[in-house]
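Everything below concerns the one structure shown next.
Everything numeric in this text was worked out from a predicted model, so none of it was measured.
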Amino acid sequence: MGKRTEIVDVLKTPQIGATITVKGWVRAFRSNRFVALNDGSTFNTVQVVIDPDKIDEATIKRIGFHACIAATGELVESKGAGQAVELMADTVEILGDTDGSAYPLQAKKQTMEFLREKAHFRMRTNTFSAVFRIRHGVAFAINKYFNDKGYYYMHTPIITGSDAEGAGEMFRITTFEPNNAPTTEDGSIDYSQDFFGKATNITVSGQLQAEIGALSLGKVYTFGPTFRAEKSNTSRHLAEFWMIEPEIAFADIYDDMDLAEDFSKYIINYILENYPDDLAFLDKRIQDVEKNMKKELRRPMSLIDTLKFVIDNDFARITYTEAIDILKRSKPYKKGKFEFPVDWGIDLQAEHERWLVEKHFKKPVIVRDYPKDIKAFYMRMNDDEKTVAAMDVLFPGIGEVIGGSQREERLEKLRKRMQEMNVHEDELQWYLDLRRFGGAPHAGFGLGFERIILFITGMANIRDVIPFPRTPGNAEF
RNA sequence: GCUUCUUUAGCUCAGUUGGUUAGAGCGCCGGACUGUUAAUCCGUAGGUCCUAGGUUCGAGCCCUAGAAGAAGCGCCA
């Protein structure tokens with residue numbers, strides 16, 4: 001291949017007077033003369049100037065929307081107003097033609113729903129290329145944050161023999177033919193003859209295994225795909241999503257909350273510092289969309305201002321009990337505006353969380369010490385014997401982004417909770433062993449990767465921040 | 001799983017009480033254009049009105065069933 005200069009470098013450190021080659025996809029071809037070329041290395045495009053005396057007419061005709069071309073020529077200061085430099089093309093090579101009459105995308109605004117159906121082309125658009133560059137940035141920042149703080153990246157299994165992870169419906173994994181599975185005497189499927197010799201699922205969480213890591217390596221985190229077979233039809237749920245789960249020994253619920261807040265702010269700050277062009281475009285895009293909306297439906301702050309506000313202010317921290325008190329004293333409660341009841345012992349509904357975050361505190365809120373009956377078996381019992389050391393971090397517009405807890409390290413209390421909640425001990429002997437032999441107080445949380453990307457990009461639907469979303473009834477691409 | 005909404009040209013939509021040949025903007029295609037910034041201007045083509053059944057002299061419009069998509073809820077991250 002001939003040498004090419006990436007457009008990010010052309011724009012960042014322009015070599016005026018040098019002859020260079022750029023390769024990329026045509027974003028616009030104006031006046032039969034100006035090509036806006038993008039190669040994905042940056043949000044921005046470089047302008048390639050086509051001189052009809054140098055480039056033959058047949059080639060010029062093939063420069064269509066999203067065609068792939070290579071252009072070689074001198075980089076000069078631009079005579080036009082919209083850009084600093086431009087490439088005066090001596091030669092243009094068509095690398096990939098595009099038949100405009102058949103290509104589904106257009107050089108204009110298109111709906112997210114339509115582009116979702118064309119997921120193999122949507123990354124070429126301004127919006128999705130910005131989102132997916134930021135997605136990469138968030139993934140990198142996560143690894144950098146934990147690495148710099150001495151955490152070990154731990155790979156927990158995707159295939160699990162346990163169905164007691166306590167986080168929802170699982171997808172069964174098997175090599176049996178659907179209508180030809182061996183059965184036992186009582187007619188049920190005999191998984192002892194299956195590939196793994198037992199019933200297996202794909203994971204809903206790496207937390208329990210991460211606890212093994214924490215009680216050996218001290219500080220670990222997992223970052224990988226997780227799967228939930230719940231038929232959740234919302235803009236915040238996926239059947240396949242990525243989750244970050246740090247787990248730390250010698251930590252309590254307060255250390256856990258400190259980590260969650262510091263970590264969230266670090267990620268957001270990293271994107272603000274490293275992806276300003278992409279963020280600026282997404283910010284402007286939201287403002288364009290909201291122009292036609294009623295004032296009360298618009299965001300209270302612009303996207304970038306929201307991100308800055310979050311890193312500059314402390315998260316609100318309250319207990320579940322305090323949250324109930326605040327809600328009971330709230331206007332919507334007194335006026336009967338809440339659809340669901342507010343009472344100690346009942347889980348907070350989305351409408352309650354949104355009111356607390358968006359109307360009352362107007363910033364991220366960490367709620368802790370939830371009633372034991374609405375939380376998982378592994379969460380540490382508080383001294384009141386009524387609440388557990390659990391915490392949820394709630395973000396404006398999205399709700400729960402992080403859910404975590406201090407884990408129950410006391411063997412007898414853990415076994416009691418497992419019995420009360422019908423979790424079978426025999427499958428989790430290894431988990432109980434962690435308390436029997438060299439146990440320690442420890443805590444951790446799970447953060448939904450796509451949810452933090454939703455917050456940072458300001459996108460409305462979680463299906464638009466993962467390249468190929470898996471949702472009930474949809475596994476295209 | 002529940003509630004509500006949507007489905008008409010490639011895209012975004014309009015389509016009056018049920019009435020002849022279903023419209024617009026954008027895009028595409030063809031043409032013009034040597035400084036454009038979603039370029040602009042001129043012209044052409046483009047339709048299984050989501051599917052199946054029904055009511056009616058007559059259905060894009062009414063009825064029944066189904067499909068797909070979206071928003072909200074529940075579950076959660």
Side-chain angles (χ1 to χ4, degrees), chain A residues 27-36 44-55 60-61 64-66 76 78-83 86 88 98-118 125-126 165-169 204-207 225-245 260 285 288 297 338-340 347-354 374-376 392-395 398-404 445-455 460-464 466 471-474 476:
Chain A
R27 285 288 175 81
F29 186 29
R30 293 182 280 264
S31 198
N32 221 17
R33 190 170 175 82
F34 304 101
V35 178
N44 299 297
T45 56
V46 70
Q47 174 151 290
V48 176
V49 183
I50 305 295
D51 183 341
D53 294 336
K54 289 183 182 166
I55 311 297
I60 292 175
K61 273 202 184 304
F65 180 62
H66 281 182
V76 302
S78 179
K79 293 174 206 162
Q83 54 285 316
E86 61 193 14
M88 306 299 288
T98 257
D99 175 2
S101 61
Y103 189 59
L105 268 53
Q106 303 172 18
K108 64 167 202 169
K109 281 222 168 73
Q110 295 175 113
T111 60
M112 292 296 120
E113 291 79 9
F114 175 70
L115 290 170
R116 214 170 284 153
E117 292 172 8
K118 314 293 176 197
T125 65
N126 283 334
E165 287 165 5
E169 294 293 311
V204 293
S205 165
Q207 180 205 309
T226 45
F227 308 87
R228 303 277 166 92
E230 264 120 22
K231 292 202 170 177
S232 298
N233 288 302
T234 83
S235 53
R236 301 182 311 282
H237 289 85
L238 292 163
E240 175 182 300
F241 64 101
W242 287 60
M243 189 153 63
I244 300 99
E245 294 177 290
R285 179 185 160 274
D288 288 346
L297 293 175
F338 287 134
E339 189 186 340
F340 291 90
D347 207 358
L348 298 177
Q349 301 294 316
E351 60 176 352
H352 307 141
E353 294 180 347
R354 291 195 68 151
I374 58 174
K375 288 290 177 185
D392 285 352
V393 183
L394 312 174
F395 269 59
I398 299 168
E400 187 181 344
V401 168
I402 293 174
F445 62 76
L447 172 128
F449 183 53
E450 284 77 14
R451 287 198 179 164
I452 196 81
I453 298 170
L454 261 189
F455 181 74
N461 193 311
I462 202 165
R463 297 173 183 100
D464 299 326
I466 187 168
T471 51
N474 185 355
E476 291 299 310

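In summary, the side chains of A:Ser205 and A:Glu245 do present a donor paired with an acceptor at a separation below 3.5 Å, with no hydrogens or angles considered. If you check the side chains of A:Asn461 and A:Arg236, you find no donor sitting under 3.5 Å from an acceptor.
At least one side-chain nitrogen or oxygen of A:Arg30 sits closer than 4.0 Å to the OP1 or OP2 atom of B:A39. Contact between the side-chain N/O atoms of A:Asn233 and the OP1/OP2 oxygens of B:U3 is not found at any separation under 4.0 Å.
Within the 4.0 angstrom heavy-atom criterion, no nucleotide atom of any strand lies near A:Glu117. Using a 4.0 Å heavy-atom criterion, one finds that A:Thr234 contacts the bases of the nucleic acid, with or without backbone contacts as well. Residue A:Phe114 is classed as a sugar-phosphate contact, given heavy-atom separations below 4.0 Å to backbone atoms only. Backbone-only contact: A:Ile402 has heavy atoms under 4.0 Å from sugar-phosphate atoms and none from a base. Residue contacts shown for A:Arg116 are limited to sugar-phosphate atoms, with no base heavy atom under 4.0 Å away. Using a 4.0 Å heavy-atom distance criterion, A:Thr111 is classed as a sugar-phosphate-only contact. Across all strands shown, A:Ala102 has no heavy atoms under 4.0 Å from either base or sugar-phosphate atoms. Among the atoms of the strands shown, none is found under 4.0 Å from any heavy atom of A:Asp99. Using a 4.0 Å heavy-atom distance criterion, A:Gly100 is classed as a sugar-phosphate-only contact. Counting non-hydrogen atoms under 4.0 angstrom, A:Glu86 reaches a base of the nucleic acid. Contact annotation for A:Phe340: backbone-only contact, meaning every heavy-atom pair under 4.0 Å involves sugar-phosphate atoms and none involves a base. Using a 4.0 Å heavy-atom cutoff across all strands shown, A:Ala28 reaches sugar-phosphate atoms only and no base atom. In this structure, A:Ser101 reaches the sugar-phosphate backbone alone: every heavy-atom distance under 4.0 Å involves primed, P, OP1 or OP2 atoms, never a base. As judged by a 4.0 angstrom heavy-atom cut-off over every strand, A:Gln106 is placed among the base-contacting residues.
Side chain A:Glu230 to base B:G74: no donor-acceptor pair is found below 3.5 Å. A donor-acceptor contact under 3.5 Å is not formed by the side chain of A:Ser232 with the base of B:C76. Residue side chain A:Lys108 reaches the base of B:C11 through a donor-acceptor N/O pair under 3.5 Å, judged by distance alone. With hydrogens and angles ignored, no donor-acceptor pair closer than 3.5 Å exists between the side chain of A:Glu113 and the base of B:U12. The base of B:U36 sits within donor-acceptor range of the side chain of A:Gln47, with an N or O pair under 3.5 Å. In terms of polar N and O atoms assigned as donor or acceptor, the side chain of A:Lys79 comes within less than 3.5 Å of the base of B:G35 in a complementary pairing. Judged by distance alone with a 3.5 Å cut-off, no donor-acceptor contact links the side chain of A:Glu339 to the base of B:G74.
Across all strands shown, B:U6 pairs with B:A68; the Watson-Crick or G-U wobble distances both stay below 3.5 Å. B:C61 is unpaired under the criterion used here, namely a Watson-Crick or G-U wobble arrangement in which both key atom distances are under 3.5 Å. Checking B:U56 for Watson-Crick or G-U wobble geometry (two distances, each under 3.5 Å) identifies no partner in any strand.
Atom pair A:Leu105:CG and B:G10:C1' shows a separation of 11 Å (rounding to whole Å applied). Atom-to-atom, OH of A:Tyr103 to P of B:C28 comes out at 12 Å; the value is rounded to the nearest Å. Taking atom NE2 on A:His66 and atom P on B:A38, their separation rounds to 14 Å, with Å as the unit. If you take NZ of A:Lys61 and P of B:C28, they are 13 Å apart, rounded to a whole angstrom. Separating the CD1 atom of A:Ile462 from the C1' atom of B:G72 is a distance of 16 Å, rounded to the nearest angstrom. Regarding A:His237, its NE2 atom lies at a distance of 13 Å from the P atom of B:A71, rounded to whole Å.
Proximity of the aromatic rings of A:Phe340 and A:His352 is defined here by a centroid distance below 6.0 angstrom, and this criterion is not met.
In A:Lys54, the NZ atom is crowded: over 12 heavy atoms of neighbouring residues, nucleotides or ligands sit closer than 6.0 Å.
Separation of the P atoms belonging to B:U36 and B:C41 is 15 Å when rounded to the nearest angstrom.
Between A:Gln110 and A:Leu105, the closest side-chain pair of non-hydrogen atoms falls below 4.5 Å. Looking at heavy atoms from C-beta onward, A:Arg27 lies in side-chain contact with A:Asn126 at the 4.5 angstrom threshold.
Candidate nucleotides B:U37, B:A38, B:G35 were compared by shortest atom distance to the side chain of A:Ala81, and B:U37 ranks first. Between B:G35, B:C33, B:A38, one nucleotide has an atom nearer to the side chain of A:Asn32 than all others, and that is B:C33.
Using the six-membered ring where Trp is involved, A:Trp242 and A:Phe449 have ring planes that are tilted, between 30° and 60° apart.
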